[in-house]
Every structure is written in C-alpha cells, then in structure tokens.
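Throughout, a chain's letter reflects where its sequence line sits, starting with A, and its residues are numbered from 1.
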There are 2 protein chains.
Amino acid sequence: MDLPAPEVAGPAALAALLADPTRAGILAMLRDGPHCVCEMAAALGERQNNVSMHLARLRDAGLVHRTRHDGDARWIFYARDDAACAAAAAALAALLR
Amino acid sequence: MDLPAPEVAGPAALAALLADPTRAGILAMLRDGPHCVCEMAAALGERQNNVSMHLARLRDAGLVHRTRHDGDARWIFYARDDAACAAAAAALAALLR
DNA sequence: CCGATGCATCAGCGCGGATTGACACAGTAC
DNA sequence: GTACTGTGTCAATCCGCGCTGATGCATCGG
C-alpha cells in the first residue's frame with residue numbers, strides 16, 4: 001500500500017489541449033510551417049473566431065507564437081514553438097513510458 | 001493555400017483519455033507494476049467506483065488489462081499493456097514531432 | 001475620408017463527460 | 001447458511017468546454 005499520489009497536473013493539462021480535434025489539427029498543420037488563421041479555419045471547416053480562440057489557448061500554453069505578414073499586416077501567421085512542443089511531447093511520453 | 005485537413009481523430013481520442021487527472025494518475029502509478037483498484041483509489045483520494053469506471057475506459061482503449069489476485073480473488077490487479085502504451089505515446093508524439 | 005478584410009474578444013447556450021449515490025455481483029471468512 | 005469485502009454498473013446530477021452570434025479593433029484599398 002502507501003502508494004504516493006503521482007503529480008500529473010501538468011501532463012493532464014497538456015493532454016487536454018491536444019484532446020480537441022481543432023487544436024490537434026492546428027498543431028498538425030503547423031508541422032509543415034507557419035499558416036494564417038483564415039487558411040487553417042478553411043482547412044478545418046471551422047469558423048474563424050473559433051480557430052482564433054483555440055490558437056489563443058495554444059499561445060497561452062506557449063506551444064505557438066504569432067507574427068504579422070510582411071506585405072499585409074492584416075494576415076497573422078502562427079508558427080510552432082519547437083522547444084515547447086518538444087517539452088510537451090516529452091512530458092506526455094513520460095506518462096506512458 | 002488549399003491546405004488538407006489533417007487526420008487527428010485517433011490522437012485526439014488518446015489525448016482525451018490522458019486529459020483526466022484520475023486516468024493520468026492511474027497510468028502513472030501503473031508504471032511501477034500492477035496495482036489493485038482500492039490501492040489506487042486510496043492513493044488518488046477518489047472513490048472506488050469512480051476509479052473503476054476510469055479503469056473501464058482505459059481497458060476499452062486497450063491501455064490496461066486486469067488479472068485476479070492468486071490468494072484472494074476479490075482483489076483485481078490492473079497492469080499496463082506496454083505495446084498499446086508505446087503505440088499511444090508514438091501517436092501523440094507524432095502530433096508534436 | 002469610407003468600406004472591406006482579417007483577427008480577436010465577449011455573453012449566452014447546449015452538450016458531453018465526470019461525479020454522486022444506490023444497487024448488484026462474486027468471493028471470502030465465519 | 002450469513003455477514004463482510006472488493007469490484008462493477010446504472011440513473012441522476014453537476015459542471016466545464018466548445019460553439020454561436022455579435023461586436024470591437026487594426027489594417028488595407030478606393
């Protein structure tokens with residue numbers, strides 16, 4: 001007996017981020033480089049404000065960051081933070097290791 | 001443009017399993033070997049029937065399997081399916097790769 | 001200037017999942 | 001046999017999360 005309760009709050013929060021198909025699709029699409037919001041919204045069949053909200057959550061978690069387009073500053077490109085994504089992958093893998 | 005919609009249903013479903021702190025704690029505790037239900041319920045501070053229900057979901061996903069105790073068949077020990085867990089870890093890592 | 005476009009934020013609603021409480025079942029001890 | 005323990009299942013409830021619809025903000029083009 002006397003099992004210690006494992007600390008899983010961090011990995012569980014990361015898993016919750018990946019648990020939504022829209023957010024998972026965003027991260028999958030960003031594997032091949034940056035994309036703008038309307039582009040990903042169209043690919044996912046979701047509305048723009050929805051995708052924007054999900055991107056805000058990924059941003060708060062530090063998994064993605066945004067930059068403006070050089071020519072037209074209305075376009076906002078999102079890109080993955082490779083270091084944060086690698087750390088997240090390691091944290092999740094630690095649960096199943 | 002014309003981004004294809006990525007296929008993320010599988011990884012998202014796996015992430016949803018890990019997104020619950022109780023299920024994540026179960027998998028974390030099972031890393032060091034099999035445990036019975038009441039043991040894990042006590043360690044997590046959750047009720048036994050609750051843990052039993054979460055174990056049923058992990059069982060349906062194939063991540064764990066159960067065996068009876070040799071001495072007292074009332075006690076049911078759960079253990080991880082290492083192959084399924086490795087496959088799940090690979091599927092999740094593919095999202096963040 | 002004005003209208004259009006791309007993005008972000010907010011209150012409200014609905015739905016799915018987790019918890020609760022009660023019960024049923026198998027196995028053990030007596 | 002009865003009493004007790006460990007586990008599983010079920011209806012009912014609660015609650016958090018995502019979607020909707022509207023609105024605001026910044027930027028570009030005329």
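Using a 4.5 Å cut-off on side-chain heavy atoms (C-beta onward), A:Leu27 and A:Val64 make contact.
For A:Ile76 and C:dT5, the CD1 to C1' distance is 12 Å, given to the nearest whole Å. The nearest whole Å value for the distance from the CE atom in B:Met40 to the C1' atom in D:dG6 is 13 Å. One can place CZ of A:Arg47 at 9 Å from P of D:dA22, the figure rounded to the nearest angstrom. In this structure, B:Asp20 atom CG and D:dG16 atom P are separated by 14 Å, rounded to whole Å. C:dA18 atom P lies 10 Å from atom CG of B:Leu58, rounded to whole Å. In this structure, B:Gln48 places its CD atom 11 Å from C1' of D:dT9, rounding to the nearest Å. Following rounding to the nearest Å, A:Leu44 (CG) and D:dG18 (P) show an atom-to-atom distance of 14 Å. The distance from atom CG of B:Asp70 to atom C1' of C:dG27 is 15 Å, rounded to the nearest whole Å.
With D:dC19, C:dA18, D:dG8 as the choices, the nucleotide that has an atom nearest any side-chain atom of A:Glu46 turns out to be D:dC19. Relative to the side chain of A:Ser52, the nucleotides D:dG8, C:dA8, D:dC28 differ in distance, and C:dA8 lies closest. Comparing D:dC17, D:dT7, C:dC7 by their nearest atom to the side chain of A:Arg57 picks out D:dC17. Distances were taken from every side-chain heavy atom of B:Met53 (C-beta onward) to each of C:dG21, C:dT19, C:dC7; the shortest belongs to C:dT19. When distances run from any side-chain atom of B:His54 to the nucleotides C:dT19, D:dC4, D:dT20, the shortest one goes to C:dT19. Side-chain atoms of A:Asn50 lie closest to D:dC19 of the nucleotides D:dT7, C:dT19, D:dC19. Each of C:dA8, C:dT28, C:dG6 was ranked by its minimum atom distance to the side chain of A:Arg59; first place goes to C:dA8.
In terms of phosphate contacts, B:Arg74 brings no side-chain nitrogen or oxygen within less than 4.0 Å of OP1 or OP2 of D:dC4. Taking 4.0 angstrom as the limit, B:Asn49 places none of its side-chain polar atoms (N or O) nearer than this to OP1 or OP2 of D:dT9. Regarding contacts with the backbone of D:dG18, a side-chain N or O of A:Arg23 is found under 4.0 angstrom from either OP1 or OP2.
Nearer to the 5' terminus of DNA chain D, by closest-nucleotide assignment, is the contact made by B:Trp75 (compared with the other of B:Trp75 and A:Ala73). The nearest heavy atom of DNA chain C to B:Arg68 and to A:Val37 marks one nucleotide each, and the one closer to the 5' end goes with A:Val37.
B:Tyr78 comes within contact range of the sugar-phosphate backbone alone, with a heavy-atom separation under 4.0 Å but no base atom that close. Across all strands, A:Asp72 comes closer than 4.0 Å only to sugar-phosphate atoms, never to a base (heavy-atom distances).
Side-chain N or O atoms of B:Arg31 include one that pairs as donor or acceptor with a backbone N or O of A:Ala94 at under 3.5 Å.
With B:Leu63 as the fixed residue, the side-chain contact (heavy atoms from CB on, under 4.5 Å) test singles out one of B:Leu17, B:Ile26, B:Asp81: B:Leu17. None of A:Arg68, A:His69, A:Arg74 except one satisfies the side-chain hydrogen bond (donor to acceptor under 3.5 Å, both in side chains) rule with A:Asp72; the exception is A:Arg74.
Distance check, rounded to the nearest 0.5 Å: CG of B:Leu55 to CG of B:Asn49 gives 11.5 Å.
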Handout entry: Test side chain to side chain contact (heavy atoms under 4.5 Å, CB included) applied to A:Leu30 and A:His35, step by step
Key = CA-CA 7 Å; A:Leu30 291 183; A:His35 295 291; 4.1 Å; yes
